[in-house]
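Here the structure is a predicted model, which is why all the values come from computation and not from measurement.
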Amino acid sequence: MNTSRHLLSVLVWFPALAALATLFIPRQAPKVMRAWAVGSSLFLFGQSLQLLIGSTHSVQARGFRFVEDHAWIPSLGIRYHLAVDGISLWLVLLTTFLTPLTLYVSFGTIRNKQKEFIAAMLLLQSAMIGAFVSLDLFLFYVFWELMLVPMFLIIGVFGGRNAVYAAVKFFLYTFAGSVGMLLAILYMVSRYKGLTGNYSFDYLDLLRLAFPLSTEKWLFLAFAVAFAVKVPMFPLHTWLPDAHTEAPTGGSIILAAVMLKLGTYGFLRFGFGLFPFASHWIGPTVAILACVGILYGALVAWRQHDFKKLVAYSSVSHLGFVMLGLTARTPAGLSGAILQMVNHGISTGALFLLVGVLYDRRHTRDVGEFGGLAKVMPWYAAVFVVVTMSSIGLPGTNGFIGEFLVITGSFTSDLLRVSYRCMVQGDGSRQCEVASIGPLFAMLASFGVVVGAVYMLEVVQKVFFGPNRNPKNAHLPDLNPREWTGLVPLLAMIFAVGLFPTYFRARIDPACESFLAVYNARRTAIAQNQREEPWLLDEALLTPPPPAGPQGPAGGHP
Amino acid sequence: MNILGLRVDLGNLLHAAPDHYGVLGWVVALPLLGAVINGLYGKRLGREGVYIAGIASVAGSFLLSLVAFAALLKSGHAPSGGGAEAAEHVRRVVSCVPSLFGRPWEWFSAPTGPSTSEMLSVRYVLDDLSAVMLLVVTGIGTLIHVYSAGYMSHDHGYARFFAYLNLFIFSMLNLILGDSMVLMFLGWEGVGLCSYLLIGFWYERSDYAFAGRKAFIVNRIGDAGFLLGMTILAWKGGSYRFDVLREHVTANPAFLQALAEPTNLGGFLADVVPGLGRSAWLVAHLERMNPTWGGLACLLLFVGCCGKSAQLPLFVWLPDAMAGPTPVSALIHAATMVTAGIYLLCRLSFVFVLFPTVLNIVALTGAATALFAATIAVTQVELKKVLAYSTVSQLGFMFMGCGSGAFSAGFFHVFTHAFFKACLFLGAGAVMHACHEKQDLRELGGLKKYLPSTHLSFAVATLAIIGTPLTSGFFSKDEILFRALANPMAPRVGKIVYFTGVAAATLTSFYMCRLYIKAFLGPEPAFLKELAGVGGAPTSSHSDAHGEGHAHGEDHDHGHGHGEAGPPSEDRWDMKVMTAVLLVLAAGSLLVGVLGLPSIWTHKEGILPRFLEHAVVDVLTANRHLELNHRVAWPAMVGGLGAWATGLGLAYYVYIQEKGEPAQRLAERAKVLYQLVYDKWRVDELYDAVIVRPFRAFANFAALFDKHFVDGLVNLTGFVAVSSGRVLRLAHTGSIQVYGMLVSVGLVAMVSWAVLLPRAQVTQRTEGGSTVLEAVGGPGYTYRWAFYAPREDQPPGRQCHRAAALEALSAPSMAQVEATAETRTQQQFTAPRCAALEAHNAFGKVTVVTALVQGGAGGAPPEGGAGAPPTPAPSAPGTRAP
């Protein structure tokens with residue numbers, strides 16, 4: 001079926017329709033229902049692969065492809081504007097890749113209310129893809145909030161003992177975080193109307209807006225809080241461990257692997273994209289928080305006894321890397337951050353899957369309950385060690401590429417700067433020395449790499465090595481075919497990204513470069529031309545110069 | 001043959017096409033293949049299958065290495081026939097880029113600056129330096145694989161063992177042959193992983209697993225240094241690739257300048273970190289701490305070397321690593337992996353020579369480690385522990401050489417050490433294998449009688465390591481000591497290093513002899529006699545029946561047993577295999593010194609240093625070298641010989657003549673000191689107290705902080721919200737009246753708020769030729785009107801710029817402000833204008849910007865406007881009270 005003309009619409013709406021259709025499958029036919037769920041999500045994954053090949057469709061300037069742009073609510077300037085570029089491409093694919101896998105694995109454990117589970121998962125997929133590909137801020141906001149509902153249900157209905165507490169906390173925390181964003185969007189739109197006479201929620205239109213720094217700061221913060229909660233960044237992260245511990249395995253996988261990426265994605269696309277000067281101004285602070293997140297997340301993860309909490313805090317640490325790469329705002333840092341988003345999705349998805357395997361057998365997540373499992377579950381142990389290596393960034397696995405690019409990218413960043421040794425001159429002006437502090441952040445982050453090894457290897461030792469003393473663990477069965485089916489694609493991806501990252505980065509790098517070109521052009525234009533009131537930027541600023549040569553698969557090669 | 005793009009032209013193996021020398025690719029690929037086969041199908045292959053796959057893959061790799069080596073030598077000859085002189089400066093290189101789907105395998109592009117990057121291919125390069133290392137690793141690796149077939153014959157984890165061992169060789173080959181620092185880092189961390197897996201091979205012992213973890217984490221600290229150092233080097237030196245970097249550093253002043261840029265680290269910290277700037281003394285000292293970027297890079301890389309090569313302060317993992325099976329100790333923790341640090345220094349010698357301060361740090365660290373580890377080795381009682389500390393000490397010697405600017409000398413010691421230390425470890429393994437895992441020197445003795453071949457090889461290797469003249473250890477150690485004494489960059493440091501080195505060599509000589517005497521000579525211990533009594537004379541009667549019982553012994557400590565109840569013997573097949581390997585290595589330890597005869601004997605450089613001449617940049621030039629020979633070389637050698645003789649004589653006196661009594665007396669008299677050294681100077685305890693515990697405590701604090709404070713605040717917010725809900729619930733009385741009252745109060749509040757805020761709406765109409773603008777307001781309002789020219793360059797609808805409106809309203813000149821305190825203004829325009837209104841009341845202010853205002857009615861020209869002045873001077877404002 002040739003769907004490439006409306007591919008993004010298909011990707012966004014098909015899961016929702018499939019979810020609706022699920023509701024009409026009788027409960028008495030669970031096999032049909034499961035086959036439908038896995039089949040339809042697999043079909044969608046197949047469709048989404050067209051994103052990789054159909055490169056010529058509806059290309060818009062600035063690398064946006066598969067563009068669908070129609071008026072939706074014309075009186076308010078709200079458009080149905082979908083497009084994908086190198087920044088969102090792999091995240092969309094990650095979503096379509098993980099959903100069938102998660103569904104299939106979940107059927108092993110979720111026995112009751114399968115129908116509701118399937119419907120919620122598919123609806124969630126719709127919302128997540130929608131949020132990734134929306135270029136209209138209103139549309140984005142709708143999908144952004146829509147995501148909360150199915151996830152709320154997945155945690156609350158299918159979760160553990162404290163599920164309701166965790167679900168409500170998750171919902172309220174993220175919801176409250178995004179109120180400011182809504183206000184900021186509305187403010188921007190009203191300013192846009194004031195300046196142009198038209199309403200528009202379109203990302204590409206709003207890029208023309210420029211604000212005085214005092215205003216831009218507040219707008220950026222409003223967006224940043226919404227995204228920082230979702231990422232989650234220290235200190236707004238505490239909903240995550242609760243949500244993860246209570247969520248069912250499938251929910252945890254999707255939550256960690258995809259949903260958190262919406263925070264980092266939003267930071268990049270909207271936070272940095274719309275507010276270049278303010279984000280540059282606050283950049284070092286964000287980088288500090290990112291580094292704190294890396295180290296703090298790792299340290300707290302180290303002291304956890306609950307397996308899922310441990311993985312949740314490790315997510316805080318890993319997403320700190322992503323945030324650091326983003327704040328570096330170098331091509332390598334950005335590319336590394338985006339790759340690290342995908343990597344984290346793969347590795348942490350696999351980790352949650354593996355933790356779920358153990359939970360299904362023993363119904364406990366207490367690390368102390370285990371020991372010496374390598375003897376009874378050798379394959380499980382082997383896979384766990386491989387995923388651990390990916391998580392701690394061993395070269396050859398995906399984690400290394402992301403962490404390496406983030407560290408080197410932030411080390412060489414020329415945008416992470418501080419002024420110091422300021423002197424007040426005779427005429428009252430201040431003169432400062434400016435230093436790049438990227439190296440300091442890189443050093444902190446590489447220390448995080450060490451601590452990452454500390455907590456992951458400690459848990460590996462506690463669970464798999466030593467004598468197998470607990471009689472309950474004496475006869476645990478090794479991985480079953482269903483679990484293998486879930487794990488093998490993830491393992492394959494770990495090595496695919498680790499060994500052939502160029503293939504993935506070939507799509508990411510051009511987008512990063514054009515994003516940075518626009519970002520820097522807007523940043524300098526706004527910084528050099530500060531005014532009292534919002535104003536409009538020149539359209540020419542928003543069109544990056546065409547790439548110097550044909551973009552080979554090498555991507556960012558100069 | 002073309003598999004995975006690794007083309008092999010079978011017709012002409014020695015012909016090396018540029019970047020397509022497939023043999024080299026297979027050298028790397030074979031061990032990986034072995035690892036995959038053994039890892040995935042080991043159980044199905046059975047014992048023999050695993051041995052064959054495991055050994056053949058490495059042996060094949062070794063044979064192909066020899067072929068590649070020959071190709072390398074051949075490539076060195078200038079094809080034009082220019083002779084040796086012309087070829088001298090042509091660096092011999094053979095390389096291979098594996099291709100994927102017909103394209104060279106590009107790994108990823110790594111940044112070399114804020115906006116520049118470099119594409120890193122998977123490219124394997126054989127040059128003079130890597131060729132020697134390659135032969136050592138695959139050669140000794142093959143021998144140890146063969147040995148392992150015997151040693152692990154009773155262990156049920158043999159498939160896993162060989163898979164790990166093969167994976168290790170693969171990683172090591174990446175480390176050696178990788179053409180860039182990043183590919184080297186892949187191997188660097190890969191060998192760390194294999195080391196971790198193999199130290200904790202018998203994972204059911206928690207302490208073994210812990211030793212593996214400790215090794216990994218300590219190495220990771222070093223690896224972080226490597227990562228940062230490599231980043232700086234690529235940033236300032238412009239490349240991750242060794243050959244490009246070398247070109248940049250040696251031929252491009254711009255990069256040299258970048259490397260020599262100061263970091264201003266100390267001054268920066270003093271200014272930025274709060275509190276540091278308060279103390280003038282601290283600031284002064286911090287500002288002196290101003291390394292160059294290149295120096296910092298080298299220092300960080302050296303931190304990486306300290307981790308991998310077990311130098312102070314990161315050496316603590318290596319002694320514990322002896323928990324792994326003995327072949328692992330021999331291969332990974334003695335002969336190959338731990339020398340990777342020296343290999344890295346040699347690889348980057350062209351950078352390190354630029355930073356003498358760093359080299360001094362390297363030399364001093366090496367010297368300190370050599371002596372420090374040697375003191376510990378003197379007191380240890382476990383066979384493998386002594387050898388482990390001896391390895392740390394010998395690695396220190398290698399760093400002494402490198403730090404003195406004599407990288408080739410350091411590397412020569414890597415080469416010889418690989419033979420004798422592998423032989424010693426394997427000998428120790430043979431002893432343990434034969435003696436029921438006993439390795440306590442206090443329980444061993446008299447093994448000479450039972451294990452003659454092992455004894456012979458062990459004796460030879462001991463002679464080599466203590467530097468007996470004409471053995472390999474003598475030549476390599478002598479070269480290091482000589483070059484340290486002749487250190488042209490820092491004579492004082494050179495002298496310190498030299499004398500520390502001599503002291504360490506003396507101790508080496510002593511403790512190695514002690515080890516040998518205690519294990520092989522002396523009286524037979526009781527258990528040997530017992531075993532001899534039980535099992536009868538050493539015979540081969542057990543050789544076919546052994547192993548069955550223990551091979552699958554689940555209850556055994558770690559599954560590794562030996563099926564013998566009898567006394568140690570070399571007659572079993574497994575022992576035969578092992579002793580054969582030992583004898584080969586012993587021969588190597590005796591003979592390989594020929595490759596590096598001292599220049600004062602032959603009046604020219606040794607074969608190996610000459611071979612490495614172009615690959616490794618030494619500080620001494622040839623001329624300088626000869627000049628120094630006369631003054632320093634002989635004294636240096638005398639010192640080395642003195643160390644050898646003193647240690648040997650002392651050991652003979654103490655342990656043979658006096659049967660160890662002086663040692664016991666000394667230990668009793670200086671009990672505290674003895675105990676301190678015996679406890680390895682309590683470094684582990686120190687680290688535990690100073691680093692591990694505080695760190696753990698801090699993590700505990702962070703976890704509590706997170707749970708109770710960060711999350712507590714969140715829950716507090718929730719609690720406040722819920723509580724206020726509870727309070728408000730009091731209002732839910734169910735009384736309609738109360739509800740009504742609340743609703744009305746709320747309504748009134750809302751309405752009045754809405755009313756009180758200033759609001760203004762401007763209407764526009766034409767009255768008798770002039771435009772009337774009127775604002776709808778309320779009581780207590782004040783108004784300010786402003787008119788200003790629209791911006792012609794803007795599209796319609798956006799010409800009345802808000803910023804311009806504000807500017808006009810706040811303009812000090814009142815010329816543009818036509819009406820104040822009025823709701824209504826009447827104007828006559830000749831040209832389109834924009835109007836702005838500012839409405840004030842007690843509760844705030846609002847600004848209204850109108851769209852374009854035309855003179856007259858709508859867009860029509862104003863009536864009677866012809867006579868109006870050319871300037872847009874409006875008529876007098878008409879006023880009307882609201």
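- For the pair A:R191 and A:F211, the cation-pi criterion (under 6.0 Å, within 45° of the ring axis) is not fulfilled.
- Using a 4.5 Å cut-off between heavy atoms, A:V168 does not touch chain B at all.
- Only the side chain of B:L227 comes within contact range of chain A, judged by heavy atoms closer than 4.5 Å.
- Ranked by heavy-atom pairs under 4.5 Å with chain A, the list B:F210, B:F695, B:W188 is led by B:F695.
- Ring centroids of A:F441 and A:F411 are separated by 6.0 Å or more, keeping the two rings apart.
- For a residue to count as touching a neighbouring chain, one of its non-hydrogen atoms must lie under 4.5 Å from one of that chain's; by this rule A:P378 does not touch chain B.
- Both the backbone and the side chain of A:I392 have a heavy atom closer than 4.5 Å to some heavy atom of chain B.
- Chain B forms more heavy-atom pairs under 4.5 Å with one residue of A:T330, A:L457, A:V385, A:V300 than with any other, namely A:L457.
- Looking at A:Q304, only its side chain comes within 4.5 Å of chain B, counting heavy atoms on both sides.
- In summary, A:R505 and A:D509 engage in a salt bridge, as defined by a charged side-chain N under 4.0 Å from a carboxylate O.
- Contacts of B:F709 with chain A are absent, with no heavy-atom separation under 4.5 Å from either backbone or side chain.
- Minimum heavy-atom separation, A:W239 to A:V229: NE1-O, 2.8 Å.
- At a 4.5 Å heavy-atom cutoff, the contact between B:I221 and chain A is made by backbone and side-chain atoms alike.
- Using a 4.5 Å cut-off between heavy atoms, A:M443 contacts chain B through both its backbone and its side chain.
- Listed options B:N174, B:V710, B:T717 were ranked by heavy-atom pairs under 4.5 angstrom with chain A; first place goes to B:V710.
- Partners of A:T215 by side-chain hydrogen bond (donor to acceptor under 3.5 Å, both in side chains), not counting sequence neighbours: none found.
- The closest side-chain donor-acceptor pair between B:E106 and A:T502, if any, does not fall under 3.5 angstrom.
- Side-chain contact of A:Y165 with B:N715: a donor-acceptor pair under 3.5 Å is present, judged by distance alone.
- Relative ring orientation between A:F465 and B:Y196 is described as tilted, the plane-to-plane angle lying within the 30° to 60° band.
- There is no contact between B:R160 and chain A, counting heavy-atom distances below 4.5 Å.
- For chain B, the option among A:F447, A:F500, A:F504, A:W379 with the highest count of heavy-atom pairs below 4.5 Å is A:F500.
- Two rings, from A:Y199 and A:Y192, have their centers 6.0 Å or more apart.
- Under 4.0 Å is where a charged nitrogen must lie from a carboxylate oxygen, and between A:K309 and B:D706 no such pair does.
- Using a 4.5 Å cut-off between heavy atoms, A:N198 does not touch chain B at all.
- Using a 4.5 Å cut-off between heavy atoms, A:Y173 touches chain B through its side chain atoms alone.
- Most heavy-atom pairs under 4.5 Å with chain B, from the set A:I401, A:L236, A:I407: that is A:I401.
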